[in-house]
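What you see is a predicted model; the values in this text were computed from it and never measured. Just so you know, residue 1 is the first one in the sequence shown, and it goes up from there.
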Amino acid sequence: PNTLNMPIRKVNFQDHDPPISITLDNTSSFFYSITSKGLLSVWDIKKFICIYSYDFRVNAKYIYHFKYQNKLLIAFENFISVLDTSENEQFKKLPIYDLQTGEINDVKVSPNEKLIAIGSLIANSNPVLDIYDIVNGFVHKNQIQNLNTRIKFLDFSKESTYLLLEDYLEEVLVIDIHQKTVISS
């Protein structure tokens, strides 16, 4: 039988809101889920049980575990935090990675894990796309303004040179990150 199409085991989220985002840890031993209401859960992959949970009680949007570091990035409605996951169940907040922003529409970490793109709405302005260097905290690199409508989806190219952006008008833009220019739409 084709085992790729058959789930190994289902995780029961019956006692929780369904997760809006999930991510694997860097050893593929655990996966992390977060609900729209901010319930973070850590699941053991082999046993498929929740081994830790924490309720932030803040609306969440996105979760990402770094492949090369023991860090977990969580994007909430208008801020981002990063937690150290090196010690099980002792998640420590890393203050150099705290970032306040406008209303977040989408967030993506680059494949080389050196950049983060944040599509957001800032009060009384058009949507913006901010790019940050995230090697040693959030260092603002550049901002793309004058976008037509809210950002629906972001994704980096494999080499982290270009960013694809889809908006709610279903336009797709290809952005050269270093030149800060739209090269195709």
- Query: Under the 4.5 Å side-chain heavy-atom rule for ILVMFWY, direct or indirect, which residues accompany Leu121?
  - Reply: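 ILVMFWY cluster around Leu121 holds nothing else.
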- Item | ILVMFWY cluster membership beyond Val135 - transitive side-chain contacts under 4.5 angstrom |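 None, because no other hydrophobic side chain comes under 4.5 Å of this residue.
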Any side-chain heavy-atom pair from [X] and [Y] closer than 4.5 angstrom?
X	Y	answer
Ile118	Leu99	yes
Gln145	Asn126	no
Ser41	Leu39	yes
Tyr97	Lys71	yes
Val128	Ser120	yes
Ile116	Ile80	yes
Leu154	Leu129	yes
Phe79	Val58	yes

- Item | Lys141: salt bridge (Lys or Arg N to Asp or Glu O under 4.0 Å) partners, not counting sequence neighbours |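 Lys141: no salt bridge (Lys or Arg N to Asp or Glu O under 4.0 Å) contacts found.
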- Query: Under the salt bridge (Lys or Arg N to Asp or Glu O under 4.0 Å) test, which residues partner Lys93, sequence neighbours left out?
  - Reply: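 Checked Lys93 against salt bridge (Lys or Arg N to Asp or Glu O under 4.0 Å); matches are Asp98.
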- Query: Under the side-chain contact (heavy atoms from CB on, under 4.5 Å) test, which residues partner Glu170, sequence neighbours left out?
  - Reply: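 If we apply the side-chain contact (heavy atoms from CB on, under 4.5 Å) test to Glu170, skipping adjacent residues, the hits are Glu166.
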- Query: For Ile96, which residues count as a side-chain contact (heavy atoms from CB on, under 4.5 Å) partner, sequence neighbours excluded?
  - Reply: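 If we apply the side-chain contact (heavy atoms from CB on, under 4.5 Å) test to Ile96, skipping adjacent residues, there are no hits.
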- Item | Any pair counted as ring-ring contact (aromatic ring centres under 6.0 Å, His included), so long as it reaches residues 141-170, sequence neighbours left out |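 Of all non-adjacent pairs touching residues 141-170, none passes ring-ring contact (aromatic ring centres under 6.0 Å, His included).
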- Message: Which label fits Tyr64 and Phe66: parallel for a plane angle under 30°, tilted from 30 to 60°, or perpendicular past 60°?
- Response: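 Perpendicular.
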- salt bridge (charged side-chain N to carboxylate O under 4.0 Å, His left out) contacts touching residues 18-28 (sequence neighbours left out):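 Output for this query is empty, none listed.
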- Residue pairs passing the salt bridge (charged side-chain N to carboxylate O under 4.0 Å, His left out) test where at least one lies in residues 103-123, sequence neighbours excluded: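 Those involving residues 103-123 are Asp106-Lys108.
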- Message: Please determine whether side chain to side chain contact (heavy atoms under 4.5 Å, CB included) holds for the pair Ile151 and Asp167, giving the CA-CA distance in whole Å, both sets of side-chain angles, and the decisive distance to 0.1 Å.
- Response: CA-CA 4 Å; Ile151 295 168; Asp167 64 20; 5.6 Å; no
- Message: Going by the rule side-chain hydrogen bond (donor to acceptor under 3.5 Å, both in side chains), which residues pair with Ser110 if we only count those two or more places apart in sequence or in a different chain?
- Response: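 Counting only residues at least two positions away or on another chain, Ser110 forms a side-chain hydrogen bond (donor to acceptor under 3.5 Å, both in side chains) with Asn112.
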- Item | Sidechain-backbone polar pair: Asn142 side chain, Ile177 backbone, donor-acceptor under 3.5 Å |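 Yes, the answer is positive, given that a donor and an acceptor are paired below the 3.5 Å cut-off.
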- Distance-only, no hydrogens or angles: does the Thr23 side chain make a donor-acceptor pair with backbone N or O of Ile63 under 3.5 Å?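 No, the answer is negative, given that no donor and acceptor are paired below the 3.5 Å cut-off.
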- Message: Does Phe31 form a side chain to side chain contact (heavy atoms under 4.5 Å, CB included) with Ile45? I'd like the steps, not just the answer.
- Response: CA-CA 7 Å; Phe31 74 91; Ile45 286 182; 3.9 Å; yes
- Can you name the ring-ring contact (aromatic ring centres under 6.0 Å, His included) partners of Tyr54, sequence neighbours left out?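 Tyr54: ring-ring contact (aromatic ring centres under 6.0 Å, His included) contacts with Phe56.
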- Message: Which residues pass the ring-ring contact (aromatic ring centres under 6.0 Å, His included) test with Tyr132, not counting sequence neighbours?
- Response: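 Phe138, His140.
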- Can we call the ring centroids of Tyr52 and Phe91 under 6.0 Å apart?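 Ring centroids of Tyr52 and Phe91 are less than 6.0 Å from each other.
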- Task: Output the distance between atom CG (Leu164) and atom CG (Leu173), rounded to the nearest 0.5 Å.
- Result: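 The CG atom of Leu164 sits 9.0 Å away from the CG atom of Leu173.
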- Item | Asp55 to Lys37 - nearest heavy-atom pair and separation |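 Closest heavy-atom pair between Asp55 and Lys37: OD1-O, 3.9 Å.
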- Item | Cluster link Leu40 to Ile51, ILVMFWY, side chain under 4.5 Å |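 Linked within one cluster.
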- Can Tyr32 and Thr85 be said to form a side chain to side chain contact (heavy atoms under 4.5 Å, CB included), step by step? CA-CA 11 Å; Tyr32 302 86; Thr85 62; 3.9 Å; yes
